[in-house]
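Quick note on labels: first sequence line is chain A, next is B, and so on, each numbered from 1. Just so it is clear, the values below take in all heavy atoms, side chains as well, and ignore hydrogens, waters and symmetry mates. The structure presented is a predicted model; accordingly, all values stated were derived computationally and were not measured.
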Protein chains: 2
Amino acid sequence: MSGPARTTSHASSKAAVLDVIRAAGTISRVGLINATGLTGATISTVVRGLIEDGLVVETGRAESTGGKRRVLLELDHSARYAIGVHLDHAGITYVLTNLGGAVVGRISRPGAGAAKPADVVERMAAEAAALVGSVGIDRERVLGLGLVSPGPLSASAGMAPPPPTMRQWSDFPLDTALGQATGLPVLLDNDATAAALGEHWSGGVDNAATVAALYMGTGIGAGLLVNGITYRGASGNAGEVGHICLDPFGPECWCGARGCLEALAGPSAVVAAARADKALARAAGLGRRRSVSADFAAVSRAARKGEPAALELLERSARYLAVATRTLANVMDLEAVVLTGPSFAIAGAIYLPIVQEELDRAFFSRANHPVRVRLSASAATASAIGAAAMVLQSELVPLHHGLRLPGNLVESEPPPVGA
Amino acid sequence: MSGPARTTSHASSKAAVLDVIRAAGTISRVGLINATGLTGATISTVVRGLIEDGLVVETGRAESTGGKRRVLLELDHSARYAIGVHLDHAGITYVLTNLGGAVVGRISRPGAGAAKPADVVERMAAEAAALVGSVGIDRERVLGLGLVSPGPLSASAGMAPPPPTMRQWSDFPLDTALGQATGLPVLLDNDATAAALGEHWSGGVDNAATVAALYMGTGIGAGLLVNGITYRGASGNAGEVGHICLDPFGPECWCGARGCLEALAGPSAVVAAARADKALARAAGLGRRRSVSADFAAVSRAARKGEPAALELLERSARYLAVATRTLANVMDLEAVVLTGPSFAIAGAIYLPIVQEELDRAFFSRANHPVRVRLSASAATASAIGAAAMVLQSELVPLHHGLRLPGNLVESEPPPVGA
DNA sequence: TGGCATTGTTAAGTCAACGAAGAAACGAAG
DNA sequence: CTTCGTTTCTTCGTTGACTTAACAATGCCA
């Protein structure tokens with residue numbers, strides 16, 4: 001069957017203009033003319049519409065360039081809000097952001113653990129409502145809720161083959177359930193993808209056209225952004241850098257292959273090696289019963305205190321990550337890489353220089369352009385912020401450029417008479 | 001500065017409709033309505049325009065589905081032609097294709113060797129003209145010339161840091177020079193990217209949304225296609241799968257890194273290993289003075305004849321390639337892979353099953369969807385065909401969805417008065 | 001105070017695409 | 001053989017986004 005009219009081109013350039021205003025922070029109408037390529041006349045009417053919608057405000061004047069002074073425009077940051085939720089085994093993080101992507105409220109709660117999905121959904125709805133209430137914001141101004149969790153996610157229903165820690169979530173219709181519980185539009189996505197979008201939306205990623213956000217939590221993933229649009233691949237599972245192979249004869253990975261980055265150098269691998277080193281385990285205060293993330297944090301603290309064994313473990317991990325990042329950059333021809341997620345929030349200072357050095361030294365197109373590596377300003381909550389950014393993006397920048405989906409061309413075409 | 005009006009949205013849906021007709025081969029107006037999502041009214045006028053332009057013809061009737069019989073539409077294949085040129089160290093291949101991407105003429109000539117670029121350009125112009133003349137086609141009907149060569153290419157001028165064999169081409173303005181010599185529009189691109197486009201254009205790549213064309217000549221590259229649009233990355237050098245790292249401690253590669261796929265398993269590596277094996281070198285008839293491609297072909301022939309040492313060498317190479325392909329598929333979430341280029345034209349039968357097996361066994365999202373692997377139907381000339389397809393694409397499908405280039409947003413914005 | 005450059009708005013025209021209604025082609029029932 | 005319902009395709013008038021062209025508003029500088 002395949003529904004008709006997938007080409008929703010130019011859903012008014014309102015969205016595009018709004019996006020430029022957001023990216024620029026403060027800009028005049030003339031600035032918009034240059035940035036968008038639209039005419040003054042168009043910008044005039046579009047901006048009037050945005051001001052009437054309450055999304056944009058005039059905030060001052062620029063200095064003269066020889067004639068009339070420009071009127072400066074800005075987002076009305078408190079015009080709309082979005083909720084972002086990061087659902088992980090270890091914990092659930094909620095953020096409330098304004099139009100500009102700035103966090104105006106945040107809470108963290110215990111993770112889903114082994115609880116039943118339906119109960120977790122109820123809890124999430126209550127906790128999200130509590131967050132909105134505590135900040136004292138008109139509920140009407142909340143655009144929606146973005147929910148992200150470790151991939152891979154299937155379609156828009158639940159998650160398909162889940163990582164080992166979250167099996168009970170298979171086939172659970174997460175988005176519809178939460179939508180009913182909250183009464184808000186709900187978007188579901190991969191946490192790494194969300195982190196990338198969050199970096200873009202909150203201005204961290206300058207104007208770089210092609211960016212990867214490396215997300216290291218318990219596993220390692222990446223969100224890919226091309227021209228500010230998330231790249232998802234065939235089934236929405238692009239960016240699985242944790243399963244870049246760095247050694248065809250390496251240790252087995254839970255994904256079924258050998259020598260994956262995650263198996264060689266992910267937090268679990270680092271922690272496993274640290275626990276195996278009796279002396280280090282004692283010095284850093286590791287314990288078999290504690291979570292991987294807790295122990296990874298302990299190893300990182302030990303490294304920062306100068307414990308050589310811990311430092312060496314992390315540097316070894318960083319070198320593997322650097323090589324995998326180079327592979328990713330070579331394949332995608334990246335302009336920038338952002339390190340984000342809880343593990344980089346803790347140990348990013350150790351990883352960053354090693355990754356940058358590797359790219360400067362051996363990135364294939366280094367003669368054409370460098371690959372800049374940055375540490376996220378909000379690595380710990382990047383995914384939740386990105387989840388909120390997803391909502392802002394989808395509500396305010398409705399899927400520009402009508403991408404024609406593949407679609408079945410031939411379908412019911414009757415056979416030619418001559419055949 | 002930054003030129004204005006980069007958003008050339010919907011340059012008439014003529015191009016989109018034409019693309020659908022091409023993809024479908026034969027289709028009715030109703031079929032177009034379903035495939036594009038446009039209205040019958042729009043399709044009616046657009047198709048009339050295409051017929052008036054001489055690009056499309058009505059070719060018959062379909063059987064009735066209960067009412068009036070549908071009128072079938074097809075491209076007028078001989079309405080326009082395009083020249084594709086593959087410039088390589090080893091040889092230059094010229095093809096002339098019609099609108100449908102079918103080859104109507106082809107010649108091969110000696111490679112550029114150490115000749116001066118200006119002389120090579122003159123020769124290419126003459127040989128291209130000879131090809132068009134020999135087929136007896138009105139020169140007016142030739143849309144342009146696509147020229148592809150081993151990357152990386154810089155901007156649209158020449159090629160930046162060239163592979164070791166083509167140093168003298170640095171900074172030579174290939175496209176403008178050839179444009180002047182031929183009087184035709186000239187497009188320049190990477191040969192792997194062109195191969196991917198060629199596969200898409202000639203219908204080899206069904207409707208798969210996300211495809212990589214692995215191109216193995218002397219080196220290994222890949223062209224990436226997302227929704228039928230080539231993915232280029234930040235500087236047009238995406239798809240460098242030859243420099244996926246499979247062993248951080250492996251042998252040095254000419255790119256400056258270690259353990260690249262190309263260094264471990266590319267044709268040069270295979271040939272080097274074969275030459276080092278005295279017995280095999282004699283059995284296969286290898287020689288130090290001969291080209292890599294000639295000796296790679298010799299090894300492949302030996303393998304097909306059952307020579308165990310040759311077969312083992314190639315299978316080893318295939319396993320490395322398979323692992324690198326898996327990495328690529330994991331990162332991009334691919335739906336399909338096409339093996340193409342001269343080396344796969346010779347040895348593809350050995351590589352294909354090994355790559356397919358690896359993806360079936362260990363592709364990360366294998367539970368969601370498989371990755372199909374195919375051998376190109378025209379592996380030896382895929383790049384040249386793709387070069388011609390580039391011309392068809394650019395002349396007939398002018399860059400749909402106005403992608404806003406990064407562009408400098410802030411530029412001449414004067415400082416706010418309050419600052 | 002009067003140029004003069006720059007910014008922003010208004011008005012009229014263009015163009016792609018749409019909806020509705022009509023014309024044309026066809027199978028089948030009377 | 002006529003009539004009816006169905007499906008295909010075209011014509012016509014409209015919408016909506018955007019453009020060009022003219023105009024109004026603002027502020028620098030002499």
Base-contact (B) and sugar-phosphate-only (S) positions in nucleotides 20-30 of chain D, heavy-atom cut-off under 4.0 Å, - elsewhere: B----BBBS--
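- When atom types are taken as modelled, the side chain of B/D333 and the backbone of A/S235 share a donor-acceptor pair closer than 3.5 angstrom.
- A donor-acceptor contact shorter than 3.5 Å links the side chain of B/Y231 to the backbone of A/M332.
- A salt bridge between B/R29 and B/E58 is present, with a side-chain N of the basic residue lying under 4.0 Å from a carboxylate O of the acidic one.
- Remark: the backbone N or O of A/A16 is not paired with any side-chain donor or acceptor of A/S13 at under 3.5 angstrom.
- B/L96 pairs by the side-chain contact (heavy atoms from CB on, under 4.5 Å) definition with B/Y81, B/I83, B/V104, B/L131, B/V132, B/V135, B/I137, not counting sequence neighbours.
- Here the side chain of B/V30 is nearest to one of D/dT19, D/dT8, D/dT10, namely D/dT8.
- One finds no salt bridge joining A/E140 and A/R80 here, because no Lys/Arg side-chain nitrogen approaches an Asp/Glu carboxylate oxygen to under 4.0 Å.
- Following rounding to the nearest Å, B/E63 (CD) and C/dA28 (P) show an atom-to-atom distance of 12 Å.
- For B/L32 and C/dA17, the CG to C1' distance is 16 Å, given to the nearest whole Å.
- Under the 3.5 Å distance criterion, the side-chain polar atoms of A/R69 are matched with a main-chain donor or acceptor of A/A62.
- Residue B/L38 contributes atom CG, which lies 14 Å from atom C1' of C/dG19 at whole-angstrom precision.
- Straight-line distance from the CD1 atom of A/I43 to the P atom of C/dT6: 19 Å, rounded to whole Å.
- When only modelled atom types and interatomic distance are considered, A/S78 and A/N98 share no side-chain donor-acceptor pair under 3.5 Å.
- When rounded to the nearest whole Å, the span between CZ of A/R48 and P of C/dG8 equals 13 Å.
- The side chain of A/T45 contributes no N or O atom lying less than 4.0 Å from OP1 or OP2 of D/dA17.
- The main-chain N or O of A/T42 is never found under 3.5 Å from a side-chain atom of A/T39 such that the two would form a donor-acceptor pair.
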How is the base pairing of DNA chain C summarised as a dot-bracket string, given the Watson-Crick and G-U wobble criteria with both distances under 3.5 Å, [ ] for crossing and | for another strand? ||||||||||||||||||||||.|||||||
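- Phosphate proximity of C/dT7 to A/R70: present, with a side-chain N or O under 4.0 Å from OP1 or OP2.
- For the pair B/T65 and D/dT8, the criterion of a side-chain N or O lying under 4.0 Å from OP1 or OP2 is met.
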